[in-house]
Amino acid sequence: MAGTTPQPMQPTSRTRSWWGWGWADAHPDDAECTAMGALLPGTLSRPLPVPRVRDLAMPGPAVEPPRSLAHLVGVDPADRAAHSMGKAYRDVVRALRGNPGRIPDLVARPTDDQGVADLLDWAGERQVAVVPYGGGSSVTGGVEYRGDAHRAVMSLDLTAMGRVLEVDHEGRAARIQAGTLGPSLEDQLRPQGLTLRHFPQSFEFSTLGGWLATRAGGHYATGRTHIDDFVQSLRVVTPAGISSSWRLPASGAGPSPDRLFLGSEGALGIITEAWVRLQERPRHKASAAVAFTDFRSALRAVRALAQSDLSPANCRLLDSGEAALSGAAHDGSSVLVLGFESADEPVTARLDRALALARSHGGRYEGTGGAGRREDGPDGDAAVSAWRSAFLRMPYLRDGLARMGAVAETFETAATWDRIPDLIDEVRREVGEAAVKATGFPATVNCRLTHVYPDGAAPYFTVLAAGRAGDEVAVWDDLKAVASEVLHRHRATITHHHAVGRDHRPGYDRQRPEPFALALRAAKGALDPRGILNPGVLVD
């Protein structure tokens with residue numbers, strides 16, 4: 001084993017938005033917001049102003065840390081406001097309306113496991129709720145405190161623990177601190193010729209620990225799609241002690257200790273380190289966009305691809321509305337975005353086979369309908385490039401639409417192939433009907449498949465609708481409730497990769513078996529006996 005200590009990425013001079021997605025300087029300006037709002041009926045005539053921290057009603061901290069921990073804890077108002085919520089539509093709207101919810105009293109940034117343990121010990125003694133923050137990109141209410149059962153709230157930010165500590169080249173794995181942000185992680189691995197190859201849409205603003213705690217899904221559509229697939233072992237600090245699993249390629253020794261903490265969202269302990277599997281960086285790439293006139297034919301093509309041995313890196317199907325929204329097609333076609341990559345051999349032969357399979361299901365890719373291909377290029381053809389740009393820009397545009405009083409949000413699920421077609425149709429219809437009932441205006445409900453498996457797929461829905469001035473959150477909650485009922489009716493999961501948080505608790509409670517819920521409550525009681533870890537997440 002060769003140990004290394006790569007250097008973390010240097011901090012950027014850019015400023016994160018405290019109230020919305022990403023960088024503050026990347027948000028649409030007032031003119032762009034107004035132009036977007038004009039495309040949707042029922043929006044405001046002018047955008048809501050960008051919210052300011054100084055306008056918030058923010059009481060002083062309810063507690064003070066002991067002198068021994070004071071160097072790890074801050075009370076800056078802007079820092080507290082930025083850690084008060086995640087980046088869901090309802091979070092953005094609450095901030096725009098000056099009501100972000102319970103603002104944490106303290107923001108803690110430990111630098112090692114001992115600091116985490118000391119903070120948890122103190123918080124338990126003082127009945128201070130501890131809410132892990134990760135990179136703050138949660139879209140399900142996972143990083144905010146709701147209720148009043150605790151004396152105070154401390155946001156636990158691990159980004160000061162942001163190093164790749166060790167690289168094992170023989171085993172192609174690395175030991176990485178949980179607070180490492182996506183770009184820094186890849187920057188530290190790049191000189192080694194290795195990559196984790198996990199790129200969620202939130203990659204720039206999320207951490208390894210956050211991915212692990214939420215069972216995050218990456219960009220790639222097949223193969224290793226979830227962060228679970230990369231984990232060799234975890235180190236977790238809990239109020240009951242430190243759990244450090246053995247680093248193993250596989251084990252049949254009882255239930256996996258790592259599986260207890262993957263997806264636990266900080267309710268059972270604080271993940272501080274992980275050994276994760278790496279890959280060589282890809283050198284060969286090929287991509288194409290295939291157009292379909294009939295969406296159900298496209299679904300059959302994607303299913304055939306998922307059940308083949310081709311393993312495309314990208315196999316993302318956009319319905320006609322999603323294709324138009326992203327600029328991938330404007331003729332009513334659905335578009336299948338295909339991509340292949342490899343570290344050691346050309347992939348154009350695999351792409352050719354995939355294109356032939358898509359054509360056998362009615363796909364067209366020979367220069368018509370916005371389709372085409374590009375081999376061994378970084379961005380693929382024009383349709384692929386358009387989709388990629390829209391994919392990265394979309395969260396910023398969502399916030400611009402929120403400033404116009406519109407409802408603009410997404411949700412996702414997964415189901416088996418036999419349920420997928422009717423599930424998609426019913427979500428579109430019933431959410432659309434609910435939007436008209438709630439606002440008096442029609443809504444756009446688009447769908448794309450983000451991840452595909454031999455036995456099913458993950459549909460991802462985008463909803464664009466009018467809001468009700470001052471009541472936008474209630475409108476979205478109503479639409480989400482309707483969508484959740486459709487998912488439950490089809491036995492589709494309440495979330496494929498966005499985690500449970502607090503927003504998905506009702507659906508999660510209905511999805512999980514009751515004996516498992518009993519075991520989870522018992523684990524919560526044993527590991528967090530004072531009930532301070534992310535209260536309200538997963539279990540009560």
Side-chain angles (χ1 to χ4, degrees), residues 1 3-4 6 113 116 132 134-135 137-138 142 158 161-182 184-186 188-189 192 194-200 202-203 206-238 242-281 414 451 453 458 493 495-500 520 523 527 534 537-538:
M1 179 184 297
T4 63
D113 284 8
V116 174
S137 62
S138 169
L158 294 190
M161 299 171 65
R163 298 179 67 90
V164 174
L165 298 173
E166 191 174 353
V167 175
D168 172 11
H169 287 274
E170 291 184 1
R172 213 164 60 179
R175 181 166 65 99
I176 305 175
Q177 290 182 308
T180 310
L181 288 158
S184 178
L185 186 155
E186 288 295 329
Q188 293 178 72
L189 292 177
Q192 315 289 326
L194 298 170
T195 175
L196 180 59
R197 196 180 178 268
H198 183 77
F199 300 106
S202 62
F203 171 77
S206 54
T207 64
L208 173 63
W211 302 340
L212 297 166
T214 60
R215 297 183 67 191
H219 165 76
Y220 294 100
T222 66
R224 292 177 177 175
T225 60
H226 275 74
I227 193 65
D228 312 33
D229 303 320
F230 298 89
V231 174
Q232 282 188 330
S233 68
L234 296 179
R235 184 172 175 84
V236 187
V237 178
T238 81
I242 294 179
S243 172
S244 184
S245 61
W246 288 12
R247 181 190 168 209
L248 296 167
S251 174
S256 165
D258 296 332
R259 292 283 171 179
L260 178 63
F261 296 105
L262 287 168
S264 64
E265 300 191 42
L268 304 179
I270 308 299
I271 299 170
T272 60
E273 285 183 18
W275 271 99
V276 292
R277 299 177 177 93
L278 305 177
Q279 300 175 60
E280 292 183 26
R281 303 188 73 82
H451 301 76
Y453 307 93
T493 182
T495 177
H496 172 262
H497 59 267
H498 279 171
V500 175
L520 190 58
L527 296 172
N534 217 2
V537 165
L538 298 185

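Because only heavy atoms are used, hydrogens play no part in the values below, and waters and symmetry mates are left out as well, while side chains stay in.
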Parallel, tilted or perpendicular, as decided by the 30° and 60° cut-offs, for the rings of His497 and His226: perpendicular

Grab the two heavy atoms, one from [X] and one from [Y], that are nearest each other, plus how far apart they are.
X: Leu196; Y: Leu185; result: CB-CD2, 3.9 Å
X: Pro132; Y: Gly266; result: CG-CA, 3.9 Å
X: Trp211; Y: Ile227; result: O-CG2, 3.2 Å
X: Arg247; Y: Gly171; result: NH2-CA, 4.3 Å
X: Gln188; Y: Thr180; result: NE2-CG2, 3.9 Å
X: Ala213; Y: Ile271; result: N-CD1, 4.0 Å

Indicate yes or no: at least one non-hydrogen side-chain atom of [X] is less than 4.5 angstrom from one of [Y].
X: Leu212; Y: Leu262; value: yes
X: Phe230; Y: Gln279; value: yes
X: Gln192; Y: Val164; value: no

Between Asp229 and Arg277, is there a salt bridge with N-O shorter than 4.0 Å?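 Looking at Asp229 together with Arg277, the answer is no, because their closest N to O distance does not fall below 4.0 Å.
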
Is it true that Gln177 and Arg163 share a donor-acceptor pair across their side chains at a distance under 3.5 Å?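 The criterion, which ignores hydrogens and geometry beyond distance, is not satisfied for Gln177 and Arg163.
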
Between [X] and [Y], is there a donor-acceptor pair closer than 3.5 Å when you use the side chain of the first and the backbone of the second?
X: Arg235; Y: Ser244; value: no
X: Asp258; Y: Val231; value: no
X: Thr214; Y: Gly210; value: yes
X: Thr495; Y: His498; value: yes
X: Asn534; Y: Gly142; value: yes

Kindly compute the distance separating [atom1] ([X]) from [atom2] ([Y]), expressed to the nearest 0.5 Å.
X: Ile270; Y: Thr238; atom1: CD1; atom2: OG1; result: 9.5 Å
X: Ser243; Y: Leu527; atom1: OG; atom2: CG; result: 8.0 Å
X: Ser251; Y: Gln232; atom1: OG; atom2: CD; result: 12.5 Å
X: Leu234; Y: Trp275; atom1: CG; atom2: CH2; result: 13.0 Å
X: Leu208; Y: Leu158; atom1: CG; atom2: CG; result: 10.5 Å
X: Leu538; Y: Glu265; atom1: CG; atom2: CD; result: 5.0 Å

Once salt bridge (Lys or Arg N to Asp or Glu O under 4.0 Å) is applied, do any residues pair with Arg175, and if so which ones, sequence neighbours excluded?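 Testing Arg175 for salt bridge (Lys or Arg N to Asp or Glu O under 4.0 Å), a comparison that skips the adjacent residues, returns Glu166, Glu273.
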
Of Arg197, Arg281, His198, the residue whose pairing with Glu186 passes side chain to side chain donor-acceptor pair (under 3.5 Å):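 In the set Arg197, Arg281, His198, the residue that makes a side chain to side chain donor-acceptor pair (under 3.5 Å) with Glu186 is Arg281.
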
